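As structure tokens, the structure follows; a few thoughts come after it.
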Amino acid sequence: MALIPASCLLSPYHTSFVLQKEEVEDNTDANMEGALIARDRVGVQDFVLLDSHTSETSFLNNLRKRYQENLIYTYIGTLLVSVNPYKELDIYTVTQMQLYRGVNFFELPPHLYAIADNAYRVMCSEYNNHFILISGESGAGKTEASKKILQYYAVTCPTTEQLQIVRDRLLLSNPVLEAFGNAKTLRNDNSSRFGKYMDIQFDFKGAPVGGHILSYLIEKSRVVHQNHGERNFHIFYQLLEGGDKDLLCWLGLERNPQKYAYLIQGRCAKVFSINDKNDWKIVRKAFSIIDFTEKDLEHLFGIVASVLHLGNIQFEEDSNGHAIIRNGTQIKWISKVSFPSQVVLVLQVLSPLNVDLAFYARDAVAKAIYGRTFTWLVNKINGSLANKDSTRKTVIGLLDIYGFEVLDTNSFEQFCINYCNEKLQQLLIEMTLKAEQEEYELEGIEWEPIPYFNNKIICDLVEQKHKGIISILDEECLRPGEATDLSFLEKLEEKVGDHAHFVTRKLADQKTRKSIDWVDFRLLHYAGEVTYFAKLNKLFSMSSQVATQFKNSLMSLIEILMSKEPSYVRCIKPNENKEPGKFDDFLIRHQVKYLGLMEHLRVRRAGFAYRRKYELFLQRYKSLCPATWPHWHGPAAEGVERLIKHLGYKPEEYKLGRTKIFIRFPKTLFATEDAFEIRKHLLGMLEACWRGALARKEAKKRTWAVQIIRKFINGFINRKKPLCPENIEFVRLVQYKYFMKLRDHVPKNVLDKSWLRPPSILEETSEMLKKICIRNLVRKYCRGVTAERKVQLQQKVVASAVFRGKKEGYLQSINQPFADTRLSEYTPNLLKGLCQMLTPAPCFQYATPVVKYDRNGFKARERLLVLTQSSAYVVEMAKIKQKIDYATLKGNGVNWCGAFLPISDPLTLPLLCFQGDVILHCEHIFEVVSKLCMLANKQNLVKVVQGR
């Protein structure tokens, strides 16, 4: 065994734990390894980790520990063992479902949801089919487990409105099948009396889109006979208790179940734990969802009623010793609600049976009717669940089937049930071995052959052609002459008498012979010895090959299961009285044996007890090795190798695969986990100290914060007083906050008149700051104005003085800049010629095209208006037509200069007049007038006249 070095427990590098605690705290109570720390109290959550894995006592002790802590689930590898708690546990909530959704199998405690999620996840990722086999004896919780899995898929799978209908039908098929296939037994108030296999079909998105149900071996004998303390199938009591008055009247039924012979043999028609009336409502609702028509239900309830009427038929003996029916009331009701009357009349008139055989015939008809009705019901539900889409589907199958049964008297039904379990045990061992071998090969680990009991020899004893018990039974029932119990036993002794697993009273030794009757035979099953009562029912001597039909159905089921990936749930009943918390060792030991759990555990433990991905193993235990803590930067496999060498693992204790570490002995893992727990405890102490220091620091900060808040509240109360110790800090804070906020809201230009509203105590300061800010903006703006820009602005000022309020559209023109000169737009030669004509040569300041109108006739002539420093010239082709000196111009009088502006008519042109006779139309009237006024240095030079 590995010895953990002391250096792993105390080492200075672990002080970094406080900085890396999030890497160590991996929710230790939630995974397999974390649960090992409490193994003495709650056991191990995987039986594979039991040190004494071959000891049945150790197995039971572990199961008991967990059960007493309400831990009802335990693994054997990937097989789930479930113990019925007989009470409600808070482990099936939607929160729990979401917790297990998409989580790796061993990362959370054992649960039915883990089995369901693992099958679903692998199906979606690998696009293959799965099945979940749920087995156990009556009362162990098989039906509830099946329901919980269906509910898990209903909640966690993606869905749409259309898929919701399919999902509802899948869920509601359960109460219908339970009504017709379940009954109260001594062991269970809702015992499934048939085997059920349901395929849930999923589309490529993982959404449930359909389903299909197969049923096996409905217990038809319950229809006509129930043991003391048991009931018939639920549907009979539900119909009588919950059916409305008109329905019962039409069916010829009364509410009192004591009126019907088939319902009173167990003497417990009323059961405290069963609410038949409420269950009837659920079944009726389910029928509407599953798409049963009223006609379907009329026929179905008619058949149910006819079975009850059949049970009330009484026979009397006539003078010839034949059975006759004197009261035909029940026959009339049967003919009305179900069958043509001829069927019963044939029984009455033509059947020459004595009274005993007549009763046998009546019961046989009742059983046959109910069995076929159940088959029809399953087919009808399948029609409702069928998916018409032809695209490929993946499926998860749920097999809810009776476990191995050993009763005081074991009949043909127990023989079929145990044969079924024998086949399923064979399948379980084969598929477990196959999965083990495939994992070993995948990981590159040498496969070591595992010895196990191969129960094929028992399966062959039952099913072999021409030599098996089923074939011998068929031959005996069909051969000419009368078949008897002894003739059947003699045939068995002749053909299989030398088989090691077959014993009769004649073949047994002296000691064994005492426990076997003359009409019994005993089979040595994988789970133990079972003695079967070999009396042949005379009625079935003419019914063809019931056992062969069951064998063929079972073979088909095995083929279905062989094509899918398996998951297993084994359900255990802890006591016979359904008491919470009671753990019956003898009863559970019996079930552990018959469920083959020890054999399965032995197969799983024949190789390695524990296997884990390198990444997960390293993440958990890296703190035990200085080389891997706190971070390992290389491949995980190399990190694990360094870690286990540091821990002192011996070569025979482990193997390293391609992606996993395999540990052979549980004690090796326990030693590692215990060292980790000690380390975690020490680091926890360091963490506690560190957290204490942080808490004290935090408390100090909170105390300071309380004082500051109290001080500022007092300052707010006294905020309007002059500065004093009571309010100074509050005022300073208000000032700081306002100034910091004002910093981001200061006006950006002289035209921005906005200003942040100040608190009352800063109004005066704010006003001062506002004036300073505006003055600063103006100064900054003025310093940024160039000489050219200044001339522009001056010209704009002149234009404003002349035209403001006198011309529509003036305000819109303010933003349009004036041109300094438009000389560049005209031919330089024209200006050159003009210079030559004038002496001295003037300096041209501005030129623009105009239209001159003659005084007489207002003939338009294109001219050029040229402005110099002292005069204005009207020019045509370098010829001066008029010269106007600025000095001679006035705003009124003879030498007046004026601008005529239309008020609103767009067709009327703005005109410029000089000395009353030079009339010019100028496109840039604002620009020309302002330029003229600036050159003449007279703002009132131009008189503006408005009109039409």
Side-chain angles (χ1 to χ4, degrees), residues 183 193 217-228 230-233 236 260-266 303-331 333-335 338-339 341-375 407 409-416 473-474 476-489 519-520 532-547 549-550:
R193 309 315 299 162
L217 205 65
I218 180 76
E219 188 186 26
K220 293 182 288 188
S221 61
R222 182 168 295 273
V223 175
V224 300
H225 175 75
Q226 306 93 45
N227 294 324
H228 182 72
E230 297 191 351
R231 295 207 312 176
N232 209 322
F233 292 103
F236 296 111
Y260 303 98
Y262 283 166
L263 303 184
I264 61 174
Q265 297 175 37
I303 292 173
V304 173
S306 71
V307 171
L308 294 179
H309 288 305
L310 266 174
N312 282 0
I313 293 177
Q314 297 299 315
F315 297 96
E316 297 180 13
E317 191 175 59
D318 64 6
S319 57
N320 297 321
H322 295 157
I324 61 171
I325 303 174
R326 295 196 184 278
N327 185 348
T329 303
Q330 305 299 331
I331 295 175
W333 278 114
I334 293 170
S335 63
S338 183
F339 307 108
S341 58
Q342 291 84 345
V343 174
V344 182
L345 288 175
V346 167
L347 286 174
Q348 178 190 8
V349 178
L350 299 180
S351 180
L353 301 175
N354 60 34
V355 172
D356 288 342
L357 290 179
F359 279 116
Y360 286 142
R362 178 200 66 179
D363 292 348
V365 171
K367 291 190 288 186
I369 290 170
Y370 197 84
R372 293 190 178 189
T373 301
F374 189 78
T375 301
L407 308 179
T409 300
N410 300 291
S411 63
F412 174 75
E413 285 176 343
Q414 277 68 50
F415 175 79
C416 290
L473 177 61
D474 287 340
E476 193 65 12
C477 288
L478 297 176
R479 72 176 175 81
E482 185 177 358
T484 66
D485 313 331
L486 293 177
S487 66
F488 173 55
L489 278 177
V519 289
D520 292 347
Y532 296 100
F533 184 48
K535 184 174 178 61
L536 293 174
N537 192 320
K538 296 177 182 179
L539 291 173
F540 285 105
S541 62
M542 298 303 294
S543 65
S544 62
Q545 303 175 334
V546 176
Q549 292 174 10
F550 178 72

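Numbering of residues begins at 1 and proceeds along the displayed sequence. Remember, it's a predicted structure, so these values are computed and weren't measured experimentally.
Between Phe415 and Phe550, the closest side-chain pair of non-hydrogen atoms is not below 4.5 Å. In this structure the side chain of Asp520 never reaches within 4.5 angstrom of the side chain of Leu489, judged on heavy atoms. Contact annotation: the side chain of Phe233 approaches that of Arg222 to within less than 4.5 Å [non-hydrogen atoms, C-beta and beyond]. Counting only heavy atoms from C-beta outward, the side chains of Ile369 and Val223 never approach each other to under 4.5 Å. Contact of the Phe533 side chain with the Asn410 side chain is not registered, since no non-hydrogen atoms from C-beta on lie closer than 4.5 Å.
Contacts of Glu413 classified as side-chain contact (heavy atoms from CB on, under 4.5 Å), with partners at least two apart in sequence or in another chain: Glu219, Ser221, Ser411. Taking Tyr262 as the reference, nothing meets the ring-ring contact (aromatic ring centres under 6.0 Å, His included) condition, with sequence neighbours excluded. Under the rule for a side-chain contact (heavy atoms from CB on, under 4.5 Å), the partners of Asp356 that lie at least two apart in sequence or sit in another chain are Asn354. Partners of Tyr260 according to the ring-ring contact (aromatic ring centres under 6.0 Å, His included) rule, which considers only residues two or more places apart in sequence or in another chain, do not exist here. Remark: Thr375 engages Asn379 in a side-chain contact (heavy atoms from CB on, under 4.5 Å) (not counting sequence neighbours). With sequence neighbours excluded, the residues that form a side-chain contact (heavy atoms from CB on, under 4.5 Å) with Gln314 are Phe359, Arg362.
Here CG of Leu308 is found 12.5 Å from CD1 of Ile303. Values are rounded to the nearest 0.5 Å. To the nearest 0.5 Å, the span separating CD on Gln226 from CG on Asn232 amounts to 4.5 Å. Atom CG in Asn312 sits 4.5 Å away from atom CD in Gln330 (nearest 0.5 Å). Taken from CG in Asp363 to CG in Leu310, the straight-line distance is 9.0 Å, to the nearest 0.5 Å. The CD1 atom of Ile331 sits 12.5 Å away from the OG atom of Ser306 when rounded to the nearest 0.5 Å. For the atom pair CG of Leu353 and CD1 of Ile324, the computed distance is 13.5 Å after rounding to the nearest 0.5 Å.
Using a distance-only test at 3.5 Å, with no hydrogens or angles considered, a donor-acceptor pair links the side chain of Gln265 to the main chain of Val224.
At a cut-off of 3.5 Å, with distance as the only test, no side-chain donor of Glu317 or His322 sits close to an acceptor on the other residue.
Not less than 6.0 angstrom separates the ring centroid of Phe412 from the ring centroid of Tyr532.
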